[in-house]
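Throughout, residue positions are numbered sequentially from 1 according to the sequence presented. Counting starts at 1 for both ligands and their atoms, following the listed order. Keep in mind that the numbers below use all heavy atoms, side chains included, and drop hydrogens, waters and symmetry copies. If you're wondering where the values come from, they're calculated on a predicted model, not measured in any experiment.
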Amino acid sequence: MRILIVEDELALAQTLQRGLAEEHYAVDVVSDGRDALDYALAAPYDVIILDVMLPGMDGFTACRRMRAGGVTSHILMLTALNAVDDRVQGLDSGADDYLGKPFAFKELVARLRALGRRGRDVQVGPLQVADLTLDETSHEVRRSDRRIDLSPLEFRLLHCLLRHAGQVLTRDNLLDQVWNFDYEGGSNVVDVYVRYLRRKIEVPGELKVLHTVRGIGYKLAEVE
Ligand code: CA
């Protein structure tokens, strides 16, 4: 895996570079938001570890411009611990995951591994989390043998959550991707449809797969 570290705290950047090199990652380091953008556009990194507070250009802006420029690398943002607004802004600007500072190196490596596994390749077979499957061709949704009937909107919502399985999606992410027009009724419509969907895909006795991430949004995953 090829990794770009964007971090202006020199000591932290060096520690990360050394640690990740020992884990056999190929690592580049930059300390400025503009350099980060140049590097990201120039090379196919698997993961970009992106700090928020940076000279040159802040991490949110850099992230948005990377996505606008077609960068498909996984982006892991380093945000201030417990700053929900930062995490939401990070996810809305196109980051895949976030990690609050300070963090344990072990957790960073675990998240890098998870991002590496996620992949962006075309999926073969149905989309799946636990025993919940969605066949993109036949539009059939099942939990094991139980066939599930969904409305078109519920289907689009589930499809979006499954395509981003393991990722937290904010209400705005979901509004943008599922509702797909300038909906003006507010983001609580997302909560309403998540409730509808949950009733159908999680009947009593089945593993919970649709998780609420408090203050941020929703995540479809085998574990919370
Ligand atoms: Ca910084």
Quiz item: According to the interplanar angle, ranging from 0 to 90°, do the rings of F155 and H159 count as parallel (below 30°), tilted (30 to 60°) or perpendicular (above 60°)?
Solution: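 The rings of F155 and H159 lie parallel, inter-plane angle below 30°.
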
Quiz item: Could D46 and R2 be called an ion pair, given the rule that one side-chain N must be under 4.0 Å from one carboxylate O?
Solution: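 Not counted as a salt bridge, because no side-chain N and carboxylate O are separated by less than 4.0 Å.
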
Exercise. In plain terms, say whether R18 and E22 are close enough for a salt bridge, that is, a side-chain N and a carboxylate O under 4.0 Å apart.
Key: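 Here R18 does not pair with E22 in a salt bridge, since their nearest N and O are not under 4.0 Å apart.
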
Quiz item: With the Ca ion (ligand 1) as the point of reference, which N/O/S atom of D8 is the closest?
Solution: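 In D8, the N, O or S atom with the shortest distance to the Ca ion (ligand 1) is OD1.
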
Exercise. Kindly give the atom name of the N, O or S atom of D51 closest to the Ca ion (ligand 1).
Key: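 This residue's closest N, O or S atom turns out to be OD2.
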
Self-check item: Positive for side-chain contact (heavy atoms from CB on, under 4.5 Å) with L16, one of L108, V27, V29, I3
Solution: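 In the set L108, V27, V29, I3, the residue that makes a side-chain contact (heavy atoms from CB on, under 4.5 Å) with L16 is L108.
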
Quiz item: Under 3.0 Å from the Ca ion (ligand 1), is there an N/O/S atom belonging to E7?
Solution: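 For E7, the answer is no, given that no N, O or S atom comes within less than 3.0 Å of the Ca ion (ligand 1).
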
